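For reference, the structure discussed in these notes is given below.
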Amino acid sequence: MLNSLARLEYRGYDSCGIAMASGGLKVYKDKVRVEALAKAVPPLEGTTGIGHTRWATHGEPSQVNAHPHCNCSGDIAVVHNGVIRNYHSLKEQLIAEGHSFVSETDTEVIPHLIEKYYHGNLEEAVEAALLEVEGSYAIVVLAADEPKLVVARKDSPVVIGLGDRENFIASDVPAILDYTNRVIYLDDGDIGIVTKDSIRVRRDGTEVAKQEHQVSWSIEDAQKGGYEHFMLKEIHEQPKVIRDTLGEYIALAEPIANFAALSSTPLEGMLLLACGTSYHAALVGKYIIEELARIPVRVELASEFNYCQQPSPRTGVVAITQSGETADTLTAMKKLKGAGRKVVVINNVVGSSASRLADQTVYVRAGPEISVAATKSFTAQLMALYWLALSYSRVDISRLDSLIMDLRQLPSKVHQILDNEDAIFECAKYLSRYNNAFFIGRGINFPVALEGALKLKEVSYIHAEGYAAGELKHGPFALLGVDTPVIAITAQDNTYEAMLTNIKEVKARKSPLIALAEEGNETIGELADLVISVPKIDAIFSPVVNTVALQLLAYYTAKQRGCPIDTPRNLAKSVTVE
Ligand code: AGP
């Protein structure tokens, strides 16, 4: 089990643990690396056990919040990936029924629910318990006196590995490839009962047959889920990231950033602070919040905030950081707190320094982001900013309804972009032979131009600049010509006509032009050398689909140029120095 956990370390984690049926249940877990856990675990007899590397969602990384979690009598242990949405109400009910809890996690409700329904048959108790659970889960359950494992899946991946007089369950193939490449994939609603000699799968109380597959990947390939790079894998995870992040907010009864509770109301304005890609998300956030909530928004580079004026007391302050460890952002947060301000942080890592420093944390659910180039975390941050704006929205109810409807359709719109990868690959082949490029956009897509340029710079080493389209004529025009391609980002909003003019100005100066435009737009098709079509969508959401297309453009351009995509030179995933 320890070896399998080590094979999952690449996914990023903050704590780990195991439980073994070894004369009763033996549980070892802590906020340590797998290697340290391996040193702490004494040699144990036993042939049935469960293990886990944790990526915290509820409750900071700690020994008590690490998995496995147990029931009151400690004879049922559970490991879990996913989020139990209704854990609050379940926990209150179970405490009222006499159960005692030790951790802050959502997961701990599961072993207690199973204990409640346990009458000698583990899988029936698990089935009954899961009828009460709302959310996403991959769980594996071990009971002290039953030589089996019960596994269940809903929205989180699970694979069962078939061995010779042994069987394995894992959240991802790399964990078991040392022992077998024969696997069964569970589907949502499946419950598996696994012993060393048998695997049975049930759904809605009846046995179902599952197809066996042979995995041909190497362990390294498998860690990337069959994708060649983590960046491409993470780009493809975005529909799920959008669903997971929005799903979290939709389940909440109150605004995700409760400025009222932070006593800076009525809000006179908002200040958004961040670095790099998170800063570009903040810039998009400005357009979203000003349009929907009609609250003026100031956006500052965290590294520059040292030299800026403090905001007024009635300003809602929001820092945005994927890692939560970016020194510039932490310094700016400390400066604000030092001046008596309350700070909200939009963050992707539970227990990060930023989430500890902040007065309130809005978590996004991008999951571990391995590739240095931020992709899915950007989209997740936009979901938080959309929801923040909608929580304070001043738009009429019919507009609000259509906006929420569009938000719910975003995962499928992003899927359309991912399905259009080949066309983007062709544009990348075209772009890869240049060493300079400009990205231009207007309004809410100006920050998208900045983000597109940053992605291309980071992974392909092409010197790219993002520009407000209207600014090109104030200088950069001097650089245009056959050797300097321009990527123009259009949207069907009040910027469209002006963008058309800018595109014509660029073409007049002989620059190769790649345009992003809504599918079926013939006008742009006639003007541009190449077009990347994006699905029709309310313009306020166009930064999501446009950015995913530009992430793919950067990825395939870098691939064409043979760049080390996941680990670009001179860059770190989280910049912990000022
Ligand atoms: C983006 O691809 C880069 N990795 C970098 O610009 C990053 O966005 C920046 O360092 C901020 O990181 P944070 O969101 O973790 O604070």
Side-chain angles (χ1 to χ4, degrees), residues 12 14 55 229-235 237-238 241 245 272-285 299-305 318-334 343-358 361-385 439 447-462 464-466 543 547-548 550-555 557-558 563-578:
D14 49 54
W55 169 264
H229 295 95
F230 284 113
M231 183 179 179
L232 189 60
K233 180 186 178 206
E234 289 159 3
I235 290 173
E237 286 173 355
Q238 296 185 90
V241 164
T245 303
L272 307 183
L273 284 162
C275 301
T277 288
S278 298
Y279 171 71
H280 296 151
L283 287 173
V284 175
V299 182
E300 298 286 356
L301 279 166
S303 54
E304 280 296 310
F305 187 66
V318 180
I320 305 178
T321 166
Q322 185 283 125
S323 60
E325 305 301 342
T326 301
D328 292 323
T329 307
L330 294 174
T331 305
M333 289 172 71
K334 288 175 189 152
V343 179
V344 172
V345 70
I346 294 178
N347 179 224
N348 187 42
V349 180
V350 174
S352 68
S353 306
S355 68
R356 293 157 183 273
L357 195 54
T361 301
V362 175
Y363 284 116
V364 297
R365 299 294 176 205
E369 190 171 62
I370 313 294
S371 182
V372 168
T375 53
K376 58 178 181 173
S377 60
F378 175 83
T379 302
Q381 288 163 350
L382 290 191
M383 293 311 115
L385 292 160
F439 287 72
V448 174
L450 297 175
E451 179 56 12
L454 178 62
K455 284 287 97 66
L456 193 69
K457 267 192 283 254
E458 280 188 280
V459 294
S460 77
Y461 306 155
I462 291 176
E465 287 200 54
T547 304
V548 174
L550 295 179
Q551 292 166 353
L552 286 168
L553 182 67
Y555 172 79
T557 305
C563 298
I565 290 168
D566 283 335
T567 50
R569 66 188 180 210
N570 308 335
L571 295 180
K573 182 62 188 168
S574 99
V575 184
T576 54
V577 291
E578 284 186 35

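Note that the structure is predicted; figures quoted are calculated from it, not measured. As the structure lists them, so they are numbered: ligands from 1, and atoms in each ligand from 1.
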For Glu458, what residues pass the salt bridge (charged side-chain N to carboxylate O under 4.0 Å, His left out) criterion, not counting sequence neighbours?
-> Lys455
Select all protein residues for which some heavy-atom-to-ligand 1 distance is less than 4.0 Å, and list them by chain and number.
-> Cys275, Gly276, Thr277, Ser278, Thr321, Gln322, Ser323, Thr326, Val372, Ala373, Ala374, Lys455, Glu458, Val575
So, Glu369 side chain and Glu234 main chain: donor-acceptor pair closer than 3.5 Å or not?
-> no
Short question: side chain of Ser323, backbone of Glu325 - any donor-acceptor pair under 3.5 Å?
-> yes
Under the side-chain hydrogen bond (donor to acceptor under 3.5 Å, both in side chains) test, which residues partner Glu578, sequence neighbours left out?
-> Thr331
Would you say Tyr461's side chain and Arg569's backbone share a donor-acceptor pair under 3.5 angstrom?
-> yes
Partner residues of Lys376 under the side-chain hydrogen bond (donor to acceptor under 3.5 Å, both in side chains) criterion, sequence neighbours left out = Glu237
